[in-house]
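Written below as structure tokens is the structure these notes are about.
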Amino acid sequence: MCGIVAYIGKKEAYPIILKGLKRLEYRGYDSAGIALINKDELNVFKKAGKVSNLEEFMLDQDHAGNSGIGHTRWATHGLPTDTNAHPHVSMDGSIALIHNGIIENYDALKQELVRQGYLFKSETDTEVLVHLVDFISKKENVWFGEALRLSLLNVVGAYAIVAISKNFPNQMVAARKSSPLVVGIGATGDFYLASDATPIVEYTKQVVYLEDEEIAVIKLGEELKIYNISDQEKTPYIQQLELELEALEKGGYEHFMLKEINEQPRSIQDCFRGRLNAKEGWVSLGGIKDYEQKMIQANRLILVACGTSWHAALVGEYLIEDLARINVEVEYASEFRYRNPILTENDVVIAISQSGETADTMAALELAKSKGATILGICNVVGSSISRITHAGSYTHAGPEIGVASTKAFTAQVTVLILMALSLGHKKGTVSESEFRILLAELEEIPNKVKKVLESNALIEQIAREYKDASNALYLGRGSSFPVALEGALKLKEISYIHAEGYPAAEMKHGPIALIDENMPIFVVATKGKSYEKVVSNIQEVKARKGKIIAVVTEGDEQVRAMADHVIEIPETNEFLVPLLATIPFQLLSYHIAVMRGCNVDQPRNLAKSVTVE
Ligand code: F6R
């Protein structure tokens, strides 16, 4: 959470930083600010609200300067006000600093700084950092870069920080621990820093991802220098970015979310490109190949994740247990990490995360690693923290997901889990050769079938119009469609602010049925398969209480059509693959309802894309 961006070089810094902030706004959007060094002046501009507020304010300001830092905030300490917005500035006005993360011991540090005569303007934890850097630089008589390093020795918490000083206008320092930070190396001796590579990609493809407790020291005219917190120099590991600029634009769609929903035929295809060949009858997840025997022999596979990724993990549990007959447990990362779980070297913990930066998921992995378990990752963002701390992993290759509500990342995660279940099951012999080949062929057909589901958009929009004013909604499903129901409910509540709950269909009569009346829409996955008849009975129970049924059904289904208020058909597919299709109507429904209610679809209130705090 919070996005940070910085530039130092010969170009005007302001347009680069502003554009970068817009790209990073998915990480937080309650206030924004920029500090620029122009000759020997440090100018700071901050505004509550979105980056566009800051942009408007800057129209009348002098924003010259070849070095600067910018921040878009997701509030942790203090309300989203102009004063609490970053950058924060030292009392003498010389140093400015931006921060993503949380300083856990900020209160103790603040009390000490107050005793030393420092006055605090904001309620943020970050302001402590800038005063501490100033205090140490004066006390130890060192430049602000060294003062930042010494300060961090006293800091407990998570941080990605960039600092500048008007006394050293050609220099910039940055540090990270548990929050991401990338340095881009420009062709003309300039440097770009950001929380992820999206603000950097149009200027350079040469990047260095900082590791935990590393400090980057940038001096114009010199090479990038990296030190660890104990001041030992390290060789920067320069990587080539594979990200393309077009992937970051809306491409003619009104919202990123709609674009990303519509990208799913391609993103699913990209996910299994080179990993599956139905004709030749093989599937291979190169990244985890060397760990497959370990997984087959493991005590348990423990899937840890949060939010939508946790729903993908639940789908994975159904698939891996059924196809590969390996014991799977699914855990909320936030609970797992504090539960003192029993873990051994025979456990394999697999983190699922779009961003690869979620703080709870990272901590769960670190805990598992410390207890000797093998840790693997399924991430979307290449080079992300989770992908770097795990023993091995598989990328989802869904491309950048910018809408805060996760859509294509979910179906890509499920695709990786299907490939994993098939590969393990085939190697273990629990999936017969014929079933294996049938599933591979079916999987190859999925992108075309997703296209077909997307053709129901107009019908789904019509249905959305009918239910847009509901105050509550229930989502029901069974088997691997139960997580689809959970995901449908999450999508609706997070972007339209309608209260929604997902349940296994059979659980309805153990409580939620009391809520059903003629005003309650109930969204059901009622596709053909093992539980079809049972779900049909659940639909009848709803109809007997005058609830409204909106059912996702298999093409040609007449039985549910006769009972339901609305049906949305999806093409027939193997039951294991239904989640990839059934989830899409729910994404579109939430999208249209949110648009009709006038909600900010891509940046729903109180949320951020990358949750790097607990
Ligand atoms: C919901 C959503 C969140 C994320 C969750 C985990 O649409 O996007 O629930 O799924 O914050 O994020 P990652 O997958 O980045 O670990």
Side-chain angles (χ1 to χ4, degrees), residues 1 26-27 160 176 178-182 195-198 207 209-212 239 241-243 247 260 263-264 267-268 270-275 285-291 295 301-316 330-334 336-337 348-369 373-404 406-420 608-612:
M1 342 198 84
Y26 73 87
R27 300 178 65 88
R176 81 150 266 178
S178 303
S179 295
L181 196 56
V182 193
S195 300
D196 68 32
T198 59
V207 294
Y209 288 91
L210 288 195
E211 299 289 343
D212 268 355
Q239 297 186 42
L241 274 183
E242 280 176 18
L243 194 65
E260 287 156 8
E263 276 174 351
Q264 289 174 107
S267 54
I268 294 174
D270 284 350
C271 182
F272 61 63
R273 197 183 300 284
R275 292 169 162 175
L285 282 170
I288 56 156
K289 210 166 64 229
D290 295 344
Y291 287 84
M295 290 165 83
L301 303 184
I302 303 168
L303 308 183
V304 293
C306 304
T308 289
S309 300
W310 185 79
H311 298 154
L314 283 180
V315 177
V330 176
E331 299 271 2
Y332 281 116
S334 54
F336 180 77
R337 62 180 292 196
V348 177
V349 176
I350 307 174
I352 305 178
S353 173
Q354 187 288 128
S355 61
E357 300 294 345
T358 302
D360 283 320
T361 312
M362 279 280 287
L365 281 180
E366 273 156 7
L367 172 77
K369 198 178 200 177
T374 298
I375 60 168
L376 306 178
I378 298 176
C379 296
N380 193 37
V381 178
V382 177
S384 55
S385 302
I386 290 178
S387 67
R388 283 179 295 126
I389 67 160
T390 40
H391 292 118
S394 288
Y395 284 119
T396 46
H397 298 306
E401 190 180 66
I402 293 167
V404 164
S406 192
T407 52
K408 63 173 180 171
F410 173 76
T411 46
Q413 289 165 342
V414 171
T415 306
V416 168
L417 288 160
I418 292 170
L419 295 172
M420 192 180 270
K609 184 88 186 146
S610 182
V611 185
T612 53

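- In terms of the side chain to side chain contact (heavy atoms under 4.5 Å, CB included) criterion, residue partners of Thr374 (sequence neighbours excluded) are, by chain and number, Tyr291, Lys294, Val348, Leu376, His391.
- Without hydrogens or angle criteria, Lys369 side chain to Thr390 main chain gives no donor-acceptor distance under 3.5 Å.
- Shown here for Leu303 and Ala313, the closest heavy-atom pair between the two residues is CD1-O, 3.3 Å.
- For the residue pair Val315 and Phe410, the shortest heavy atom distance occurs at CG2-CZ, 4.4 Å.
- How far CD of Glu366 is from CG of Asp212: 7.0 Å, rounded to the nearest 0.5 Å.
- Judged purely by distance below 3.5 Å, without hydrogens or angles, the side chains of Ser309 and Gln413 pair a donor atom with an acceptor atom.
- In this structure, the side chains of Ile352 and Leu417 come closer than 4.5 Å at one or more pairs of heavy atoms.
- To the nearest 0.5 Å, the span separating CD1 on Ile389 from CE on Met362 amounts to 4.5 Å.
- Across all their heavy atoms, Phe272 and Leu419 have their closest contact at CB-CD1, 3.9 Å.
- Shortest non-hydrogen contact noted between Tyr209 and Ala197 is OH-CB, 4.3 Å.
- In this structure, Arg27 and Pro180 have side chains that are in contact, with non-hydrogen atoms separated by less than 4.5 Å.
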Under 3.5 Å, which donor-acceptor pairs do the side chains of residues 377-388 form with other protein atoms, sequence neighbours left out?
residue : atom : partner : partner atom : Å
Asn380  : OD1  : Thr396  : OG1          : 2.8
Asn380  : OD1  : Ala398  : N            : 2.9
Asn380  : ND2  : Gln354  : OE1          : 3.1
Asn380  : ND2  : Gly399  : O            : 2.9
Ser384  : OG   : Val381  : O            : 2.7
Ser384  : OG   : Ser387  : OG           : 3.4
Ser385  : OG   : Arg176  : NH1          : 3.3
Ser385  : OG   : Arg176  : NH2          : 3.3
Ser385  : OG   : Glu357  : OE1          : 2.6
Ser385  : OG   : Glu357  : OE2          : 3.3
Ser387  : OG   : Ser384  : N            : 3.1
Ser387  : OG   : Ser384  : O            : 2.7
Ser387  : OG   : Tyr395  : OH           : 3.1
Arg388  : NE   : Gly383  : O            : 2.7
Arg388  : NH1  : Glu211  : OE1          : 3.3
Arg388  : NH1  : Glu211  : OE2          : 3.1
Arg388  : NH2  : Gly383  : O            : 3.4

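- To the nearest 0.5 Å, atoms OG1 (Thr415) and NE2 (His397) are separated by 12.0 Å.
- Side chain of Glu260 to main chain of Gly403: a donor-acceptor pair is present (N/O by atom type, distance under 3.5 Å, no hydrogens or angles).
- When all heavy atoms of Asp360 and Ser334 are compared, the pair lying nearest together is OD2-CB, 3.5 Å.
- Shown here for Ala359 and Arg337, the closest heavy-atom pair between the two residues is O-NH1, 4.2 Å.
- Qualifying salt bridge (Lys or Arg N to Asp or Glu O under 4.0 Å) partners for Glu401, counting only residues two or more places apart in sequence or in other chains: Lys609.
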